[in-house]
4 protein chains.
Amino acid sequence: MLILMASDHTKKQLADVLARVRKLRLKPHVIPGKNSVAVGITGNSGALDKTLFEALPGVREAVRVTRPYKLAGRDFKHGDTVVPVGPYDIGGRGLIVIAGPCAVESEEQLIRIARAVKKAGAQMLRGGAFKPRTSPYAFQGLGKQGLKLLAAAKKETGLPIVTEVLDQRSLDDVAEYADVLQVGARNMQNFALLKDLGKLRKPVMLKRGLSATLDEWLMSAEYLLSEGNDKLFLCERGIRAFSDHARNTLDLNVVPAVKELSHLPIIVDPSHATGVRARVAPMARAAVAAGAHGLMIEVHDRPDQALCDGPQALHPDDFAVLMRDLAAIGAAVGRDMAEPKFGRQ
Amino acid sequence: MLILMASDHTKKQLADVLARVRKLRLKPHVIPGKNSVAVGITGNSGALDKTLFEALPGVREAVRVTRPYKLAGRDFKHGDTVVPVGPYDIGGRGLIVIAGPCAVESEEQLIRIARAVKKAGAQMLRGGAFKPRTSPYAFQGLGKQGLKLLAAAKKETGLPIVTEVLDQRSLDDVAEYADVLQVGARNMQNFALLKDLGKLRKPVMLKRGLSATLDEWLMSAEYLLSEGNDKLFLCERGIRAFSDHARNTLDLNVVPAVKELSHLPIIVDPSHATGVRARVAPMARAAVAAGAHGLMIEVHDRPDQALCDGPQALHPDDFAVLMRDLAAIGAAVGRDMAEPKFGRQ
Amino acid sequence: MLILMASDHTKKQLADVLARVRKLRLKPHVIPGKNSVAVGITGNSGALDKTLFEALPGVREAVRVTRPYKLAGRDFKHGDTVVPVGPYDIGGRGLIVIAGPCAVESEEQLIRIARAVKKAGAQMLRGGAFKPRTSPYAFQGLGKQGLKLLAAAKKETGLPIVTEVLDQRSLDDVAEYADVLQVGARNMQNFALLKDLGKLRKPVMLKRGLSATLDEWLMSAEYLLSEGNDKLFLCERGIRAFSDHARNTLDLNVVPAVKELSHLPIIVDPSHATGVRARVAPMARAAVAAGAHGLMIEVHDRPDQALCDGPQALHPDDFAVLMRDLAAIGAAVGRDMAEPKFGRQ
Amino acid sequence: MLILMASDHTKKQLADVLARVRKLRLKPHVIPGKNSVAVGITGNSGALDKTLFEALPGVREAVRVTRPYKLAGRDFKHGDTVVPVGPYDIGGRGLIVIAGPCAVESEEQLIRIARAVKKAGAQMLRGGAFKPRTSPYAFQGLGKQGLKLLAAAKKETGLPIVTEVLDQRSLDDVAEYADVLQVGARNMQNFALLKDLGKLRKPVMLKRGLSATLDEWLMSAEYLLSEGNDKLFLCERGIRAFSDHARNTLDLNVVPAVKELSHLPIIVDPSHATGVRARVAPMARAAVAAGAHGLMIEVHDRPDQALCDGPQALHPDDFAVLMRDLAAIGAAVGRDMAEPKFGRQ
């Protein structure tokens with residue numbers, strides 16, 4: 001932590017800052033500048049609260065020299081985290097593609113699409129049983145019945161299931177059926193839910209909030225890690241900026257940034273990031289070229305009848321073409337499509 | 001709803017759009033343009049899902065002619081909503097100021113500050129018992145014990161209590177002690193929590209999410225209203241933009257926008273919006289000048305010892321000066337400081 | 001300047017950083033941390049270029065301890081700058097209101113509106129002769145003919161003229177007729193134009209760019225100040241954020257921030273910030289309550305016939321009401337409407 | 001154009017809207033809705049000014065059915081624009097890589113780097129002679145002397161020259177030496193400069209402004225096209241959002257969006273978009289995978305001595321590795337590295 005004093009600070013104010021540092025059993029280092037003075041602090045074992053110092057008179061700003069997260073950062077763990085899900089590893093050399101409909105609508109719909117994405121090479125099946133919707137009047141998902149249909153699709157195809165958990169009340173149900181519990185963008189800072197998920201011993205996929213900085217995202221990961229759940233991977237799905245040519249602004253540059261700062265795997269969701277079918281494939285290809293460990297893609301064979309987000313769903317035929325393109329781009333950046341550890345069923 | 005066809009749409013695609021409109025028992029109106037065609041839709045009783053049409057081939061975009069919310073809008077209710085809280089009304093001519101510490105820290109701290117803000121003229125007491133924190137290592141609040149201290153402060157001063165509800169598990173406890181349940185920015189789209197609050201019959205203050213559009217905010221209000229709870233008011237607390245001179249960007253222009261589009265009262269939180277003590281008073285004055293129904297302001301008598309957000313807390317003396325300024329500005333825009341309906345105690 | 005080393009930096013890399021600091025004839029101060037090391041730098045007389053250090057291997061980040069601007073900051077000049085324009089001072093205790101049409105359209109239109117705003121109490125007249133337009137097909141202003149009409153309106157009413165300069169070619173013409181040369185948001189970082197304006201000895205109003213940080217804005221001011229023109233004031237006119245309920249997001253919190261960091265006066269343009277007539281008055285009142293030194297407001301007596309930005313123009317009658325409200329709010333924050341130094345004409 | 005009436009509009013207001021439409025010799029189509037009424041307009045040959053209608057009482061909003069640009073859009077020109085530059089075409093099947101230092105520093109530096117990027121396969125040389133700098137105290141470029149050094153490097157290597165034009169005064173000089181004139185992000189809406197460039201008959205590269213929407217970008221292109229210069233291509237270089245893990249937020253999703261809406265070629269600048277060397281290669285690869293026609297990349301063989309933006313410059317060896325990766329990814333998306341039309345020299 002570095003304390004920057006205001007240019008018009010008094011000697012008394014500087015002395016108070018030094019006293020507070022010493023009271024915390026830390027060591028202050030005064031660095032005189034032309035217009036002002038800075039105070040470096042050493043000796044702390046974890047992140048310090050900036051407001052402990054910014055509240056003092058004469059202090060202009062407190063600047064962190066170390067990052068606020070600990071368990072999520074590479075200082076803590078140098079190797080890469082690999083999250084095993086069924087016969088696959090997320091975070092290794094193999095590319096993982098999670099595909100399926102936005103929402104579970106019926107048994108026929110789900111199994112039809114599950115078979116199609118499996119045939120095209122997807123490793124996991126997605127499908128929402130509990131849906132977060134901006135409008136209270138929009139389709140909210142089939143709920144527990146949807147979870148049972150996901151189980152049926154898993155039985156039929158062998159694909160592990162990725163599905164969203166919306167709240168604490170439905171957590172036990174979702175945990176019973178899901179192979180990976182998805183935390184949606186709107187829940188990235190639902191700290192109560194994060195703590196509960198930290199106590200689970202099941203894989204969790206943490207989506208980035210619409211306006212979350214990288215530090216905030218990793219701090220939310222820290223909530224799970226500090227509770228003991230390290231079966232965790234991240235998913236970039238677009239942020240909110242001024243730009244209006246797409247639903248969200250896909251921040252692919254966060255992929256190398258996450259890989260530099262954290263040991264956690266990161267995948268990309270080009271469907272929600274673009275909101276438009278024609279742009280899903282270019283952004284999926286770009287995500288693999290940028291180094292993502294995988295993708296989550298919405299696929300629907302009758303998108304004009306979909307109860308949710310039809311315009312962004314790929315048709316299974318287009319998805320199959322995309323999977324071949326992804327394999328070619330993967331090869332160019334040293335990655336293969338992941339194969340099941342125990343052989344293809 | 002208006003459907004804009006792509007410039008290269010086919011006759012068949014236009015016919016399919018018209019067929020879908022009719023299948024929904026609505027009426028299409030074709031409007032030919034120079035480069036393309038638009039289709040107006042009439043006959044719907046509520047908001048239509050844009051994706052029902054955007055998923056069809058040949059459709060460029062669907063544009064809403066009416067707003068997506070219904071109960072939150074002025075088309076539904078022309079008069080202004082007034083929310084009674086103890087002896088005060090929020091949403092009427094009287095200005096309401098909710099003041100107190102960021103977090104409840106101890107009985108002495110809370111009662112000392114509660115007396116100070118009452119003396120300066122505040123109508124309600126704020127104080128967090130359950131605190132949402134970006135870091136799992138930061139002070140998370142005293143929990144249920146904090147609620148009991150708030151009750152003690154209410155008994156001592158008569159001030160109604162405004163405190164945050166973080167999750168479904170603690171909802172019953174918070175509802176037992178709070179006069180107003182606060183939904184924080186990070187929970188604005190925690191739809192499960194909103195539904196539960198909609199079933200309560202207690203006043204709720206809904207803060208705007210960091211990256212929420214006005215439509216999204218009013219749709220979250222719609223979740224409560226559609227469940228039957230209309231004791232609801234809004235709180236602007238700053239949005240996230242590129243700007244880095246303050247913690248958030250206070251969007252005061254949303255105050256007249258809310259008052260134009262909705263019947264719900266709106267107050268402003270200049271403390272979280274600025275994050276810096278010296279800017280709280282200017283923004284509080286500006287909020288009243290912009291037409292806000294009230295304010296929520298953090299006050300602490302020992303801000304350098306505060307366990308949370310000390311740098312943005314006003315000292316009680318400065319708060320008292322601000323209250324006098326607010327009364328003067330209120331007078332200039334036709335508002336008085338609210339007086340208790342049954343007389344000062 | 002403070003250099004933060006990467007957590008995996010080598011001894012050699014640290015030594016290279018220290019060597020570079022010394023080569024610049026500055027003094028390094030090593031500050032050891034738990035996970036890494038920081039190096040404080042002292043001895044520099046001006047701002048250092050961060051990239052001089054960030055390019056070195058093993059460096060994570062360079063953090064400025066002092067601000068990048070010098071002449072625009074309060075470290076350089078403690079008192080407030082006051083810019084004299086005709087019989088008025090901008091930056092003193094008196095509120096300045098610059099009012100008039102978006103564009104000069106004809107002699108009758110301009111003189112009619114000039115008389116109306118003068119009667120309502122405005123101190124200066126605005127009107128665009130050269131208009132920056134997003135579309136090449138939109139009305140681009142009357143050009144030099146517009147400048148002559150502004151001169152006629154000044155002769156008629158005595159109001160000093162504020163008008164925009166768009167480029168270097170028309171600079172001499174604009175400088176001949178204008179009392180204040182306005183730099184528009186899109187030109188805030190047109191450094192060639194700023195240098196030319198720095199060599200003038202006429203007052204300049206520098207609008208904030210749509211996505212300019214406060215530091216960038218003050219650095220643009222620094223371009224003028226470093227060339228010797230200190231007859232300079234700033235104008236906040238709304239920034240670009242995700243929010244879509246208004247044309248721009250008015251950042252009123254920048255008003256106290258500018259006053260804290262800089263000695264330059266700051267006014268607010270609520271017309272461009274909102275883009276909607278009904279919200280101009282609330283934001284104008286809020287700006288004065290926030291401490292702005294003045295306002296720039298678009299007024300048109302036939303807004304539905306205006307060639308530019310009619311929807312945001314106030315009718316003269318509404319402007320007159322607003323002027324009375326502003327006087328009342330000004331009184332509440334210790335400001336009067338500015339009176340001419342040599343008496344009303 | 002579609003006019004949405006306010007829900008409380010009067011019959012008189014609607015009649016006035018219809019009258020105005022007819023006065024413009026256009027045809028109104030009334031579309032009744034549940035809560036309000038919309039009016040479709042047909043018969044216009046170009047884009048209508050929304051403010052012509054939004055200024056009328058009772059009008060809530062005017063919505064464009066057709067895009068505001070004309071010459072830049074695909075409705076005007078269905079095939080793709082190809083811009084010939086020396087022996088290369090920008091906008092065809094071949095990938096174009098423009099590489100070189102941020103700023104021209106000396107003849108040795110420039111020729112050394114020019115040879116290195118040519119050897120690695122770059123098709124064109126970049127180098128700034130006139131540099132836009134946020135600070136007046138930063139290196140502003142060698143000016144005309146820099147242009148002469150670029151000419152020397154072209155003579156030496158045969159690489160066409162891409163360099164920035166900052167203002168109208170230096171336009172003739174830059175046009176004499178440059179094969180492509182670059183308009184920087186800060187000048188994207190310098191309309192006076194755009195008009196002058198529209199009268200040139202030399203290729204222009206138009207960078208996207210930091211906060212420019214896609215429509216605004218294409219409207220700036222329209223300024224050049226409407227003056228007659230169609231030797232034009234676009235360059236995405238990152239936008240400004242809240243995100244702070246990189247200098248800018250690279251908006252790769254704009255690549256398919258531009259290709260859908262416009263016939264103009266689009267390349268990507270990953271150096272300015274990231275600001276950090278380690279992330280340039282991932283974003284360069286992603287841009288090609290997303291379908292960009294080319295790249296602009298900063299290369300410096302002594303980045304720690306660079307006078308400008310050293311931290312984002314690739315070393316020639318790393319650039320050579322990247323070029324091989326780009327060729328592999330290009331192959332996966334059906335593109336080759338462009339070869340000179342008349343054979344390698």
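The sequence lines fix the lettering, A, B, ..., with proteins before strands; numbering per chain opens at 1.
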S.K.: Considering only heavy atoms, which portion of D/Lys195 lies under 4.5 Å from any heavy atom of chain C: side chain, backbone, both, or neither?
M.R.: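 Interface part for D/Lys195: side chain.
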S.K.: Which answer fits C/Pro303, side chain, backbone, both or neither, if we ask what part of it has an atom under 4.5 Å from a heavy atom of chain D?
M.R.: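 When you check distances to chain D, only backbone atoms of C/Pro303 fall under 4.5 Å.
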S.K.: Quick one: CD on C/Glu54 to CG on D/Asp309, what's the gap to the nearest 0.5 Å?
M.R.: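 Reported to 0.5 Å precision, the distance equals 10.5 Å.
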S.K.: Taking atom CG of D/Leu193 and atom CG of C/Asn187, what is their separation to the nearest 0.5 Å?
M.R.: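 If I round to the nearest 0.5 Å, the distance is 10.0 Å.
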S.K.: Is there a side-chain contact between C/Pro136 and D/Met219 (heavy atoms, below 4.5 Å)?
M.R.: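 C/Pro136 vs D/Met219: side chains touch.
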S.K.: Need one label for C/Ala72: side chain, backbone, both or neither, based on atoms under 4.5 Å from any heavy atom in chain D.
M.R.: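 Contact with chain D: none, neither part.
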S.K.: Distance from C/Asn190 atom CG to D/Arg186 atom CZ, nearest 0.5 Å?
M.R.: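 Rounded to the nearest 0.5 Å, the CG-CZ separation comes to 11.5 Å.
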S.K.: Let's test your reading of the structure: which of C/Phe130, C/Phe191, C/Tyr223 forms the most heavy-atom pairs below 4.5 Å with chain D?
M.R.: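 Counting heavy-atom pairs under 4.5 Å, the top option is C/Tyr223.
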S.K.: Output, in order, the C-alpha distance, side-chain angles, deciding distance and verdict of salt bridge (charged side-chain N to carboxylate O under 4.0 Å, His left out) for D/Arg169 and C/Asp196.
M.R.: CA-CA 11 Å; D/Arg169 294 230 174 99; C/Asp196 285 357; 2.8 Å; yes
S.K.: Do C/Lys50 and D/Pro311 make a side-chain contact, defined as non-hydrogen atoms from C-beta onward lying under 4.5 Å apart?
M.R.: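 Sidechains of D/Pro311 and C/Lys50: no contact.
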S.K.: Using a 4.5 angstrom heavy-atom cutoff, name the option from D/Arg20, D/Arg277, D/Gln312 with the most pairs to chain C.
M.R.: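 Of the candidates given, the most pairs with chain C belong to D/Arg20.
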S.K.: Under the side-chain contact (heavy atoms from CB on, under 4.5 Å) rule, what do C/Tyr69 and D/Ser135 come out as? Steps first, then yes or no, please.
M.R.: CA-CA 8 Å; C/Tyr69 44 82; D/Ser135 166; over 6 Å; no
S.K.: So, for D/Ala55 and C/Gly310, which heavy atoms are closest and what is the spacing to 0.1 Å?
M.R.: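 Looking at all heavy atoms of both residues, the shortest contact is CB-C, 4.2 Å.
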S.K.: Using a cut-off of under 4.5 Å on heavy-atom pairs, state which of D/Gln168, D/Gln140, D/Glu227, D/Met188 scores highest against chain C.
M.R.: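 Of the options given, most contacts go to D/Gln168.
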S.K.: Below 4.5 Å from any heavy atom of chain C, which atoms of D/Ala185 appear? Answer side chain, backbone, both or neither.
M.R.: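 Neither part.
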S.K.: If you apply the rule salt bridge (charged side-chain N to carboxylate O under 4.0 Å, His left out), what do you find for D/Arg240 with C/Glu216, and how did you get there?
M.R.: CA-CA 13 Å; D/Arg240 181 156 278 177; C/Glu216 288 170 343; 2.6 Å; yes
